[in-house]
2 protein chains.
Amino acid sequence: MQHFAYHSEENYLKTLYKLEDKKVKKVNNTALSKALELNPATVLEAVRKMSEKKLVTVLADKTIQLTDKGRKKALQIVRRHRLWEVFLVDKLNYKWDEVHHIAEQLEHIEADSLTERLEAFLGNPTVDPHGDPIPDESGKLKRIKTQPLSEAPWNKKLTIVALGNSSDEFLKYLNKIGLSIGATVEVAEVEDFDKSITILHKKSSITLSNEAANTLLVAL
Amino acid sequence: MQHFAYHSEENYLKTLYKLEDKKVKKVNNTALSKALELNPATVLEAVRKMSEKKLVTVLADKTIQLTDKGRKKALQIVRRHRLWEVFLVDKLNYKWDEVHHIAEQLEHIEADSLTERLEAFLGNPTVDPHGDPIPDESGKLKRIKTQPLSEAPWNKKLTIVALGNSSDEFLKYLNKIGLSIGATVEVAEVEDFDKSITILHKKSSITLSNEAANTLLVAL
DNA sequence: ACAATAAATTTGGTGAACCAAATAAAATTG
DNA sequence: CAATTTTATTTGGTTCACCAAATTTATTGT
């Protein structure tokens with residue numbers, strides 16, 4: 001009876017999936033090590049083991065890729081993570097920028113039935129509080145068609161449905177300016193000079209940098 | 001960034017608390033090792049470390065005792081465990097004999113705010129699904145006054161409020177015969193020969209061994 | 001092509017939590 | 001009280017996830 005839990009493999013797979021999802025072309029040992037903030041030697045060893053287990057493949061050019069088996073496992077973790085985030089926000093009234101750390105722990109709880117019951121309890125949500133889709137039991141996910149706010153048409157009601165990146169800093173920034181998933185906004189003006197953008201939200205106007213507008217995704 | 005979590009100390013403390021709670025007089029290394037199903041050498045080393053941290057004291061006769069500090073930590077784990085059990089049973093509709101294993105994992109999630117929010121979300125329950133009291137934030141617990149069913153008066157409506165032991169086997173047995181915390185029963189007859197007891201429950205009569213009747217605790 | 005740079009890999013270590021087996025100390029029992 | 005049995009403790013190992021510092025193997029710019 002070990003009184004500690006190894007989650008490392010799950011974290012490697014999840015991180016590989018995240019990179020793949022972000023369309024990072026060539027995920028090599030260096031990239032993965034940086035993403036995980038781990039020593040390359042450590043990551044190399046872990047990749048070897050996962051490769052033996054057919055969870056990842058190392059291509060001739062050293063690119064590390066998830067196998068279907070590995071991706072399925074990764075999506076299972078992503079599923080758990082996102083469902084717990086919904087729980088924390090919807091049921092325990094956490095703010096969306098506070099839940100990541102806790103969900104990182106909850107995602108590793110092992111119990112086949114737990115995830116399914118949790119999902120039903122939450123009313124079968126399809127997206128997490130950041131607008132990211134929740135994979136189904138088999139690991140499939142419905143990608144939502146979105147468009148960066150920076151490319152959306154002017155003077156039209158738009159709904160923010162997801163974020164291009166859910167970093168803590170960005171979430172806090174959004175909180176500060178009062179924007180969140182589900183918010184209705186309208187592009188009022190785009191500044192030619194720096195592509196900054198002014199939007200209308202709840203009768204007040206907000207100016208966003210092009211970077212921010214690129215990261216806010218609206219329904220297409 | 002370690003991708004695994006050490007819960008061992010929490011488990012040692014919790015187990016020590018359980019033994020103390022069960023009024024096991026002399027908890028020595030052998031007793032603790034058996035309770036944890038670990039090698040005595042392992043436990044000895046762990047006790048040494050906890051002793052350095054002033055979580056336990058080893059008496060002259062080798063009895064291992066929790067310090068106030070250690071007991072407080074242990075009660076924190078017990079609190080989390082019992083709150084999660086309530087969540088699993090009340091919200092996710094698990095049966096009370098299915099939740100222990102999952103709660104054992106959930107109890108180690110670290111986030112100060114989580115336990116308090118969970119408690120509020122569950123409506124500040126005072127007992128878990130097995131009738132065991134839930135310690136408050138500071139580690140205090142209200143002990144419920146109970147009496148074994150075997151010693152309760154005859155022909156009087158009694159409410160089962162707790163169990164003397166929550167082993168899987170016992171929980172399953174109770175499930176099978178249809179008894180649970182909150183059930184109202186009445187002692188109809190006690191057999192002189194073997195002290196087995198016949199009770200009335202929802203209009204049907206159930207015969208229990210003395211052992212079972214001893215383990216069912218009714219409100220005093 | 002070749003030196004500079006970067007990435008991959010190897011080597012040798014660490015600490016935590018575990019174990020089996022040997023030994024020492026203590027308790028029990030005839 | 002001496003012999004047996006039970007406990008406690010020590011010793012030497014293991015595995016896992018990690019690291020730092022070489023070393024080897026690309027890659028790249030000139």
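Sequence lines set the chain letters: A, B, ... in the order given, protein chains first and strands last, and positions in each chain run from 1. On a predicted model such as this, the values are computed, not experimentally measured, just so you know. What's counted below: heavy atoms across the whole structure, side chains too, no hydrogens, waters or symmetry copies.
Between the side chain of A:Asn39 and the base of D:dA20 there is at least one donor-acceptor pair of N/O atoms closer than 3.5 Å. No donor-acceptor contact under 3.5 Å links the side chain of A:Asn29 to the base of C:dA7.
Which of D:dA20, C:dC18, D:dC18 sits closest to the side chain of A:Leu38 comes down to D:dC18. Side-chain proximity of A:Lys62 to the nucleotides D:dC19, C:dA8, D:dT9 is greatest for C:dA8.
Between the side chains of B:Asn210 and B:Ser150, not a single donor N or O lies within less than 3.5 Å of an accepting N or O.
In this entry the distance linking CD of B:Glu45 with C1' of C:dA16 reads 8 Å, nearest Å.
Taking side-chain N and O atoms only, B:Thr42 has no distance below 4.0 Å to OP1 or OP2 of C:dA17. Phosphate contact (OP1/OP2 of D:dC16, side-chain N/O of A:Ser8, threshold under 4.0 Å): absent. OP1 or OP2 of D:dT10 has at least one side-chain nitrogen or oxygen of B:Arg48 nearer than 4.0 Å. Listed pair B:Lys49 / C:dA17 meets the phosphate criterion, a side-chain N or O lying under 4.0 Å from OP1 or OP2. Taking side-chain N and O atoms only, B:Tyr12 has no distance below 4.0 Å to OP1 or OP2 of C:dA16.
Sparse packing is recorded around NZ of B:Lys72, with 12 or fewer heavy atoms of other residues, nucleotides or ligands lying under 6.0 Å away.
Only one option out of A:His100, A:Arg82, A:Glu85 pairs with A:His130 in a side chain to side chain donor-acceptor pair (under 3.5 Å); it is A:Glu85.
Aromatic ring centres of B:Phe87 and A:Phe87 lie closer together than 6.0 Å.
Residue A:Lys26 is classed as having no contact, given no heavy-atom separation below 4.0 Å to the nucleic acid.
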